[in-house]
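So that the names make sense, note that chain A is the first sequence line, chain B the second, and so on, each numbered from 1. Everything numeric in this text was worked out from a predicted model, so none of it was measured. Only this structure's heavy atoms are used, side chains among them; waters, hydrogens and symmetry mates stay out.
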Amino acid sequence: MRTITPYDAIGEALAEEMRRDATVLAFGEGIATKRHDLVAEFGAARVRNTPLAEGIIAGTAAGAAATGLRPVVDLLFAPFLTFSMEEIVNSAGKLRFLSGGQFSFPMVAMAMTGAGWGVGAQHNHNVEAWFVHSPGLKVVMPSTAADFKGLMKSSIRDDNPVLFFLDVALLHTPGEVPDGDHLVPLGKAAIRRPGSDVTLVSYAKTVHGCVAAAETLAAEGISAEVVDLRSLKPWDEEAVLASVRKTGRLVVVHEASRTCGVGAEIAATVAEEAFASLRTPIVRLAGPDAPAASSWVLEQAFVPQADAIAEAARGAVARTLSLATA
Amino acid sequence: MRTITPYDAIGEALAEEMRRDATVLAFGEGIATKRHDLVAEFGAARVRNTPLAEGIIAGTAAGAAATGLRPVVDLLFAPFLTFSMEEIVNSAGKLRFLSGGQFSFPMVAMAMTGAGWGVGAQHNHNVEAWFVHSPGLKVVMPSTAADFKGLMKSSIRDDNPVLFFLDVALLHTPGEVPDGDHLVPLGKAAIRRPGSDVTLVSYAKTVHGCVAAAETLAAEGISAEVVDLRSLKPWDEEAVLASVRKTGRLVVVHEASRTCGVGAEIAATVAEEAFASLRTPIVRLAGPDAPAASSWVLEQAFVPQADAIAEAARGAVARTLSLATA
Amino acid sequence: MSTSPAVPGPAAFLEQMMLIRAFEERSAASFAEGRSPGTCTCVGQEASAVGVVAALREDDLILTNHRSAGHLLARGADPGRLMAEIMGRSTGYCGGKSGTLHVSAKELGVILTSTIVGGELSLAPGVALSLSMKGSDAVVACFFGDGAACEGIFHEALNLAAVWKLPVLFVCENNEWQAFVHRRETMLTENIASRAAGYGIEGRTVDGNDAEAVFAAAAEAVERIRETKTPFLLETKTYRLRGHFEPDDQGYVDKDELATWRARDPIATLRSRLLSSGALTTGEAAAMDRRVAERLDAAFSFAAGSPWPSLDQLTTNVYA
Amino acid sequence: MSTSPAVPGPAAFLEQMMLIRAFEERSAASFAEGRSPGTCTCVGQEASAVGVVAALREDDLILTNHRSAGHLLARGADPGRLMAEIMGRSTGYCGGKSGTLHVSAKELGVILTSTIVGGELSLAPGVALSLSMKGSDAVVACFFGDGAACEGIFHEALNLAAVWKLPVLFVCENNEWQAFVHRRETMLTENIASRAAGYGIEGRTVDGNDAEAVFAAAAEAVERIRETKTPFLLETKTYRLRGHFEPDDQGYVDKDELATWRARDPIATLRSRLLSSGALTTGEAAAMDRRVAERLDAAFSFAAGSPWPSLDQLTTNVYA
Ligand SMILES: Cc1ncc(C[n+]2csc(CCOP(=O)(O)OP(=O)(O)O)c2C)c(N)n1
Ligand SMILES: Cc1ncc(C[n+]2csc(CCOP(=O)(O)OP(=O)(O)O)c2C)c(N)n1
Ligand SMILES: [Mg+2]
Ligand SMILES: [Mg+2]
């Protein structure tokens with residue numbers, strides 16, 4: 001175990017996978033400048049700066065992936081993905097299917113997102129749900145340094161295009177990372193805290209809000225289970241359903257806007273598959289349906305915080321009780 | 001009342017609004033060729049062909065909208081919107097907010113979508129949920145010739161960016177359109193058929209499947225209410241909740257892929273807001289999480305059809321009964 | 001390393017072009033009969049397809065656009081499997097999933113037909129990157145239209161390929177139309193090849209209706225790419241003689257322009273030139289007609305007789 | 001129709017540039033003290049900003065990019081409201097919603113600061129379309145970087161503006177850097193103005209560190225645009241003397257290159273030229289220093305003393 005930042009954990013993951021597999025390469029706007037150690041070890045052909053052009057960065061990744069390479073591309077901030085939607089969605093996501101399985105697209109596209117830097121809505125926009133909604137893609141969004149590393153390594157080894165979202169608020173906060181070839185499988189949630197009264201499902205920075213809320217709630221005698229999805233596509237339906245079947249109550253929390261967000265999918269699936277176990281209405285706690293402001297106070301207020309999460313959980317528990325006693 | 005195709009209804013809406021308001025103009029790849037009557041009436045400056053470049057078409061619309069014009073742009077097929085995500089999402093959707101309300105973006109972006117032409121996943125991909133998930137945008141997707149006209153006219157008059165999706169399967173099938181200045185407000189659903197046992201919520205082509213299913217069900221003694229959303233953002237929460245509170249059962253139907261689709265938002269909202277009224281698990285019937293194939297048989301199988309809708313509704317009703325008798 | 005392709009004779013070009021033309025006309029007829037969906041034919045542009053493809057080695061790779069039947073057939077695609085794909089049958093190159101607009105054929109080195117205008121441009125540099133990182137001296141031929149040259153991805157692709165020294169032959173088939181919009185409505189310059197200078201690479205315009213001229217220009221360009229490891233922009237000037245997408249009555253097309261280009265039909269021109277020079281006898285020409293018709297009869301009956309994909313194909317091949 | 005702007009003297013340019021430089025340095029200091037978020041300063045590029053903006057009429061409109069403080073201040077923005085915006089206060093031009101990266105000011109004709117590289121290019125033609133459909137002869141100045149010139153939207157915007165004859169002055173501030181990537185890693189050509197030919201429009205490169213030269217070139221370009229109704233691509237060659245975004249130690253920058261350009265600092269150069277020619281006395285120069293310092297003191301205390309936006313602002317101004 002070492003304590004390193006998620007930023008460094010990503011660096012380790014890249015280095016290890018590039019060492020392991022000569023077809024892995026990385027490119028993006030400034031990656032060769034910022035990760036100069038990778039250039040030093042693997043050479044300029046495998047770690048490249050690019051022109052400022054997100055469309056062709058993603059397209060080049062797709063073309064390279066279709067023909068034997070395993071590119072990792074850094075697209076910087078999630079809103080810049082708007083310039084590479086065509087290549088990611090129409091090419092990387094669909095061409096395996098459209099070719100009848102002739103080609104595959106093993107590539108990873110990284111992008112930072114979320115509140116924390118006060119840079120406003122053209123840098124801070126959580127669009128992971130777009131990709132969850134699009135066929136042929138996988139989507140991950142880790143909350144711990146260990147998962148940044150383990151999920152990145154698994155993403156690079158995956159034979160499909162993976163969107164890898166990095167929550168900026170977490171990127172430079174050190175955390176424990178196991179030594180050795182640490183892999184975290186795509187599609188498996190982590191139970192961050194077991195509990196029996198209410199299930200809190202979340203991912204990325206709001207997982208930490210959920211854990212903090214669970215601690216507060218524990219002091220009040222409410223036992224909250226915190227499920228960290230980690231992978232948003234595929235997402236761990238089994239883990240979520242098992243938890244809700246146990247607790248009977250679900251609060252879904254994320255920073256992304258509520259409407260048609262990942263939380264909607266979780267809530268809808270639970271309302272379909274574990275309806276009979278629900279003892280109380282599902283609650284979604286999410287960012288407002290608005291762009292993110294730059295102003296620090298507004299930026300922070302955008303994100304569901306521990307207090308609000310605890311309050312939502314309390315409400316859910318209280319509501320069932322009152323229904324039961326009515 | 002006249003019987004015209006949705007394609008012609010859109011033409012009428014454009015002509016009427018251009019006549020009414022000199023700031024309305026239309027441009028796109030071939031619109032001046034295909035709608036030559038508009039060029040004849042309003043001149044080449046107000047109805048323009050463009051170079052083949054969706055990014056700048058959408059960006060030009062946003063720039064023009066910010067400074068006093070009301071552009072309508074034809075972006076042809078929904079998958080081509082991937083080339084204009086930046087302009088639509090980061091500019092048209094966010095800049096009113098980011099400017100503190102200094103600018104507004106009255107523009108309409110049209111795109112065709114859905115099964116019907118056998119042209120495959122790079123022409124046929126229902127991405128309306130992306131825009132529902134993005135702040136500052138409105139989204140409509142009509143199912144009748146009258147709504148194509150009335151919603152287009154309202155969209156042009158709206159001071160916000162509106163994504164207008166045209167289901168290709170409906171575009172050339174004539175339907176009744178009221179005479180005169182026919183307006184349909186954004187955000188209001190239509191009850192296509194009243195009913196009391198189960199609510200079928202849908203939009204675009206699958207509304208017709210729901211109506212057909214409701215007819216079949218009626219013959220079996222099951223009374224289904226069909227709610228046509230028409231607007232996906234804002235969507236008519238009130239109408240859906242009222243219907244579910246009455247029927248206690250919800251089946252949401254759309255062609256778009258299920259995961260994180262509009263149906264997820266409807267289901268999640270109902271699970272939050274009308275939980276106590278639900279007598280049975282919510283059911284979503286949607287396209288598979290896969291690209292659309294070109295082959296006619298696969299293309300049709302992608303779309304939830306009347307039989308499957310009726311079967312889902314029957315299942316919902318039967319399940320409650322068995323729960324009730326259990 | 002494969003050897004360079006043999007120089008094909010004009011008669012071989014003629015027969016290839018006739019096959020392509022006949023294929024497209026049957027495909028359009030099949031649409032008109034309601035047996036297949038609409039399609040974008042390459043009628044009028046056959047010389048560009050056969051000339052460029054003939055200049056490629058077997059290990060060179062191809063990406064193309066919605067008007068790809070010519071490129072595929074010139075590359076040796078089986079007309080039966082191609083038509084089966086267009087008809088959405090399980091025996092097509094992509095099992096019916098692609099249909100007419102996204103056909104790829106790995107076995108032929110055809111990585112992509114992109115029906116997203118510009119999609120081929122976005123993937124081409126990456127394909128070339130794979131080749132060059134493998135140490136191969138193969139090149140990638142990327143076919144696109146004058147319309148695609150208006151898309152931002154054209155700019156990004158040419159610039160990246162130039163800066164990274166990627167072996168891409170960018171082939172702009174300038175057919176004067178972009179669906180229902182004339183090229184002149186979309187740019188102030190007459191040529192697209194002149195844009196190459198802005199990226200620091202070479203460009204050249206060639207008569208796209210002359211298969212031999214196209215072949216010569218493409219062969220030279222390919223050679224330069226292999227030598228210099230720098231992309232090249234080749235523009236073939238040609239004309240879309242049929243409509244954009246079936247059905248299309250071309251009512252919006254200037255009659256004189258169409259007549260001018262009909263008179264320059266690449267097939268009729270070459271055929272009559274060969275016949276009048278004696279390089280081809282009427283008997284040989286008739287034999288060509290017969291061979292083409294026979295191949296297409298066989299192809300269409302293979303396709304029409306092939307099974308539909310089974311419904312489980314709805315969700316296969318989504319993930320690896 | 002507004003009248004043309006008076007020709008500003010070099011002393012006026014100098015004082016404007018000094019204000020901009022001091023504003024940026026204080027803004028960077030404010031970041032370092034944890035009082036405002038990171039920011040992209042235009043240190044080193046002041047001459048390009050003041051020269052172009054001075055060539056505009058009051059009714060001309062501006063779109064710019066993430067390095068916009070110079071353009072805004074040259075246009076007459078209030079440093080207090082600008083700093084308040086950067087600090088996220090309710091008294092900023094956008095009520096604190098924009099922050100440093102998206103400032104617009106309708107009252108100044110500044111339609112947009114785009115922090116999406118290329119966003120300014122995507123909106124500019126539409127803004128120009130509004131002007132020309134209103135029958136105005138005003139122009140749109142669109143500032144962007146050499147990096148933005150690599151984005152596809154650059155290509156699309158220039159081409160559309162050319163074809164539609166839109167009055168846009170495209171100003172490429174070529175500062176040799178694109179965040180952490182040197183311009184030479186992103187293109188094979190030395191100049192961006194040379195790309196104008198590919199769109200059939202005029203382009204010109206000017207010394208971007210000489211405010212008077214920039215002014216002269218911009219004034220001529222604007223005149224041509226008004227006359228010919230054709231866009232123009234003006235490239236100002238300059239250099240980013242500070243890092244990309246605070247904090248940035250520029251450890252990746254070649255020391256010699258930096259030293260060369262430091263020696264060409266547009267403010268120091270002009271100031272010493274004016275002082276040595278006698279056009280400016282040391283007393284006048286000192287008075288300038290004082291005025292600038294006073295204005296900025298006032299601006300920063302206004303900003304720091306301004307209230308934060310109220311939390312209801314989270315969801316206001318989303319829809320009209
Ligand atoms: C991104 C995108 N925009 C628009 C279309 C619709 N469309 C298909 S082909 C075509 C014209 C293409 O023109 P060009 O590139 O010159 O090729 P051509 O058809 O002339 O061979 C258009 C507009 C598309 N398929 N993809
Ligand atoms: C679409 C997009 N891609 C990447 C970025 C990140 N970024 C911000 S500024 C910048 C460099 C811009 O270079 P240039 O256009 O030359 O402007 P300069 O900063 O040199 O003034 C980059 C890569 C961004 N903001 N937007
Ligand atoms: Mg063309
Ligand atoms: Mg720069």
Query - Any side-chain heavy-atom pair of Lys94(A) and Pro79(B) under 4.5 Å - result: yes

Query raised in the report: Do Asp289(B) and Lys233(A) touch side chain to side chain, with heavy atoms closer than 4.5 Å?
Result: yes

For [X], which atoms come within 4.5 Å of any heavy atom of chain B: side chain, backbone, both, or neither?
{"X": "Leu95(A)", "result": "side chain"}
{"X": "Leu98(A)", "result": "side chain"}
{"X": "Arg96(A)", "result": "neither"}
{"X": "Thr269(A)", "result": "both"}
{"X": "Glu87(A)", "result": "side chain"}
{"X": "Ala292(A)", "result": "backbone"}
{"X": "Val89(A)", "result": "side chain"}

Euclidean distance, [Y] [atom2] relative to [X] [atom1], rounded to 0.5 Å:
{"X": "Trp130(A)", "Y": "Cys260(B)", "atom1": "CH2", "atom2": "SG", "result": "13.0 Å"}
{"X": "Thr82(B)", "Y": "Glu86(A)", "atom1": "OG1", "atom2": "CD", "result": "4.5 Å"}
{"X": "Thr259(B)", "Y": "Leu232(A)", "atom1": "OG1", "atom2": "CG", "result": "12.0 Å"}
{"X": "His133(A)", "Y": "His125(B)", "atom1": "NE2", "atom2": "NE2", "result": "6.0 Å"}
{"X": "Thr280(A)", "Y": "Phe275(B)", "atom1": "OG1", "atom2": "CZ", "result": "6.5 Å"}

Give the member of [options] that has the highest number of heavy-atom pairs under 4.5 Å with chain A.
{"options": "Ala121(B), Pro135(B), Ser84(B)", "answer": "Pro135(B)"}
{"options": "Ala293(B), Gly55(B), Ser294(B), Gly120(B)", "answer": "Ala293(B)"}
{"options": "Met85(B), Glu273(B), Glu272(B)", "answer": "Glu272(B)"}

Query raised in the report: Just wondering, more than 12 heavy atoms not from Glu238(A) lying within 6.0 Å of its CD?
Result: no

Given the options [options], which has more heavy-atom pairs under 4.5 Å with chain B than any of the others?
{"options": "Gly93(A), Gly261(A), Pro288(A), Ala267(A)", "value": "Gly261(A)"}
{"options": "Phe97(A), Phe80(A), Phe83(A)", "value": "Phe97(A)"}
{"options": "Leu278(A), Val283(A), Leu250(A)", "value": "Leu278(A)"}

Report summary line: Listed by number, the residues in residues 99-107 of chain B that come under 4.5 Å of chain A (heavy atom to heavy atom) are none

Query raised in the report: Where the side chain of Gln122(B) meets the backbone of Asn90(A), is there a donor-acceptor pair that is under 3.5 Å apart?
Result: yes

